[in-house]
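The structure under discussion appears below in the form of structure tokens.
Within every chain, numbering begins at 1; the chains are lettered A, B, ... in the order of the sequence lines, protein sequences first and strands thereafter.
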4 protein chains.
Amino acid sequence: MAKPEKRDEIVRAALELIAEHGFHGAPMAMIADRAGVGAGTIYRYFENKDLLITELYREVEGRSFPAIMEGYVPEAPVRERFLHLSTALLRYFINNSLEFRFVEQFHNSPYGVEFRRERLLGKMEDRFVYRELFESGVAQGVVKDFPLPVLFALALGPILAVARDHILGFIALDDVLITRTIEACWDAVRR
Amino acid sequence: MAKPEKRDEIVRAALELIAEHGFHGAPMAMIADRAGVGAGTIYRYFENKDLLITELYREVEGRSFPAIMEGYVPEAPVRERFLHLSTALLRYFINNSLEFRFVEQFHNSPYGVEFRRERLLGKMEDRFVYRELFESGVAQGVVKDFPLPVLFALALGPILAVARDHILGFIALDDVLITRTIEACWDAVRR
Amino acid sequence: MAKPEKRDEIVRAALELIAEHGFHGAPMAMIADRAGVGAGTIYRYFENKDLLITELYREVEGRSFPAIMEGYVPEAPVRERFLHLSTALLRYFINNSLEFRFVEQFHNSPYGVEFRRERLLGKMEDRFVYRELFESGVAQGVVKDFPLPVLFALALGPILAVARDHILGFIALDDVLITRTIEACWDAVRR
Amino acid sequence: MAKPEKRDEIVRAALELIAEHGFHGAPMAMIADRAGVGAGTIYRYFENKDLLITELYREVEGRSFPAIMEGYVPEAPVRERFLHLSTALLRYFINNSLEFRFVEQFHNSPYGVEFRRERLLGKMEDRFVYRELFESGVAQGVVKDFPLPVLFALALGPILAVARDHILGFIALDDVLITRTIEACWDAVRR
DNA sequence: GATGAATGAGCGTTCATTCAT
DNA sequence: CATGAATGAACGCTCATTCAT
């Protein structure tokens, strides 16, 4: 087994275990086991558990970006672009529930606090598109004039909530419901 | 120190420590210490740590109910009632950040999963008012016809998000911003 | 078993194991085992392994003092006093080989370095008597005018060496040989 | 890089690291690194770490021999020869502090015990000269009639002690002090 | 009823050694 | 021959839980 494959196996195993059982339920030995790797091997790729988790987070965070940018038309009207991004994001969460649950775990953990600010300021890739979108929306007078974090809350808060509920089996989001939900989010941010 | 006082001290200490440092940062010995109680004493009131935490959760969950019900007029129009409840809830979170942070921690933890269903079904006190409100709103045609979890997501998702951001110091919610944010949430759910 | 007894058992077990097998050969679990105590119990008495070892050292270092001071006559001539102290010290080492070997291990270890200075400056109890003795000896012109560390080296270097050899079974020190050896040490320091 | 050079690099690296940081601070990987060699390569030259260290010891022990023999006159009087050897040895220790510190570490470690006997019996090169010297000294009646280990202790114990103190910076040995110290050692062994 | 000393399973991490390349 | 990635046993340490007092 070549080098990058082992790293990937470790990352995948950590993602799975943390998504399924939380940070408590993912000891290094268990991650190693699930990755088909010796316990010490993890430390060849990651200095310690904290760094494994934060690197995993960065990796996972980046993965949604291409998904939401596919078919994105920067010249389209703000509303269209909002609907596109948000629909794609919700779909991505639903179709990648491991990633979604890991990220949720991460955000509500000691690790996540330091990452919050950069997310709020729209410094991460996917947030950055949203940021630009909101800023031009506000400038054009089609989006309510709120501080960025409030707009993020209005747009993404419900998306995260319904994604969570869907993944846990409390609702079944189909195409129609997704579309309507995203449109309701638009109602929240639009002027 | 009489019996119920000890129990209360333990609960208070656990709330504080978990809110401030997360579940990791709140060993039983530390909780006992902060409560001014012997380590073994906790086990006279709570069978084990899990039960301490879930009981603490139930208690904390119930506390917001009186706060949001104060001045609530069941006969008022749906919109008015929604604005009242949501504003009161957001204010409660902001003014009781320990409780808020604990509940957030709880929801994103192995403990929280089993509690989600009853929340989603509006079985907890405060959710129950919301549930009735949404149901009558839908019946009257003033609220979008969504499954309950989606309405909860649209209404409460942003509230939780802005409360979090406020408590962490990323935004400063004043009366005006609170009102406008809640009105935006109404835009999301109203027809 | 009452509290101080457990602490003493731990200290004794650590002393034995380190004396017999060196620092490598004395894992915490083994110390706990030999002390008849749970592994975690050690940490109720000592914050960590380093502190267990340095506290053990301080304790052991102090033990030789009463032994060498017994029958010490501060008014006696320098030579007499030197012979008394050194003989008593060598006897103490021989009769307490665990302590001796532990201290030897300690001095030649990362732990020991910081303690060396205070020993050299005669700041420890037993060294302090020697220091006074040498200083008055130099003042009276009966001891060679050397820096203190050199006098310590001349007096104690051979004592440590023969104690080591005796304990390891390479020589058999009897009363006559002890006396003659100490007198030879006096020859080294006397004018 | 040819074979013997690699071996030398490994030996040098091990010497440096152990002298500087002790046995704890010299993992095989670090030795390999410092030697500019792969970790596995060490095992082509040394069966395991213990053997690397003991071989290193034998090598280092031998190095002082030429230094002390330079200018040694076997026909000179015992006193002269003693002063020559001991002065040269002390100087060697001071000028080769890495070797000195390694050897000290070694002696006070599980490794060192088995080597003590042959040293005490004067079976190693440099000890052998001393042994002969002492034996002829005793025969001539100019050296005290002690068992060999006691004579070694009286002569070398102080030398090791002052070398240690000098290297650690607690005293500054200059030519005068060296000479006087060695003469004091002679006082200890001479009749 | 209350205590807190004692416990030991389980954690994250290190490192001497092996072996496929 | 040389490599260095991989290994896993063993380490120091934590903490939920128990139980003698």
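- Note: NZ (K6(C)) to C1' (dG8(E)) measures 14 Å, nearest angstrom.
- Note: CZ (R7(C)) to P (dG4(E)) measures 21 Å, nearest angstrom.
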In B/S/- notation (B base, S sugar-phosphate only, - none; protein heavy atoms under 4.0 Å), nucleotides 12-19 of chain F written 5' to 3' is SBB-SBB-
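- Contact check, R44(D) against dC1(F): no side-chain N or O comes under 4.0 Å of OP1 or OP2.
- Across the protein-nucleic acid pair, D8(A) atom CG and dA5(F) atom P stand 16 Å apart, rounded to whole Å.
- We find that CD1 of I42(B) is positioned 16 Å from P of dG1(E), with the value rounded to whole Å.
- For the pair D33(D) CG and dC15(E) C1', the interatomic distance rounds to 14 Å; values are reported in whole Å.
- Inter-residue side-chain proximity for T41(C) and Y45(C) is flagged as met; some heavy-atom pair is nearer than 4.5 Å.
- Judged as a side-chain contact (heavy atoms from CB on, under 4.5 Å), and not counting sequence neighbours, D33(A) has no contacts.
- In this structure, E5(D) places its CD atom 14 Å from P of dC1(F), rounding to the nearest Å.
- At a threshold of 4.0 Å, the pair E9(D)-R12(D) counts as salt-bridged, since one of the basic side-chain nitrogens sits closer than that to a carboxylate oxygen.
- Residues meeting the side-chain contact (heavy atoms from CB on, under 4.5 Å) test with L51(B), sequence neighbours left out: E47(B), N48(B), T54(B).
- Between E16(B) and R101(B) no salt bridge is recorded (no basic side-chain N to carboxylate O distance below 4.0 Å).
- Across the protein-nucleic acid pair, I31(A) atom CD1 and dT13(E) atom P stand 10 Å apart, rounded to whole Å.
- Between Y57(C) and H107(C), the ring planes lie perpendicular to each other; the angle is over 60°, past the 30° to 60° tilted range.
- For Y45(C), a side-chain nitrogen or oxygen approaches OP1 or OP2 of dA6(E) to under 4.0 Å.
- With both pairing distances under 3.5 Å, dT17(E) is matched to dA6(F) as a Watson-Crick or G-U wobble pair.
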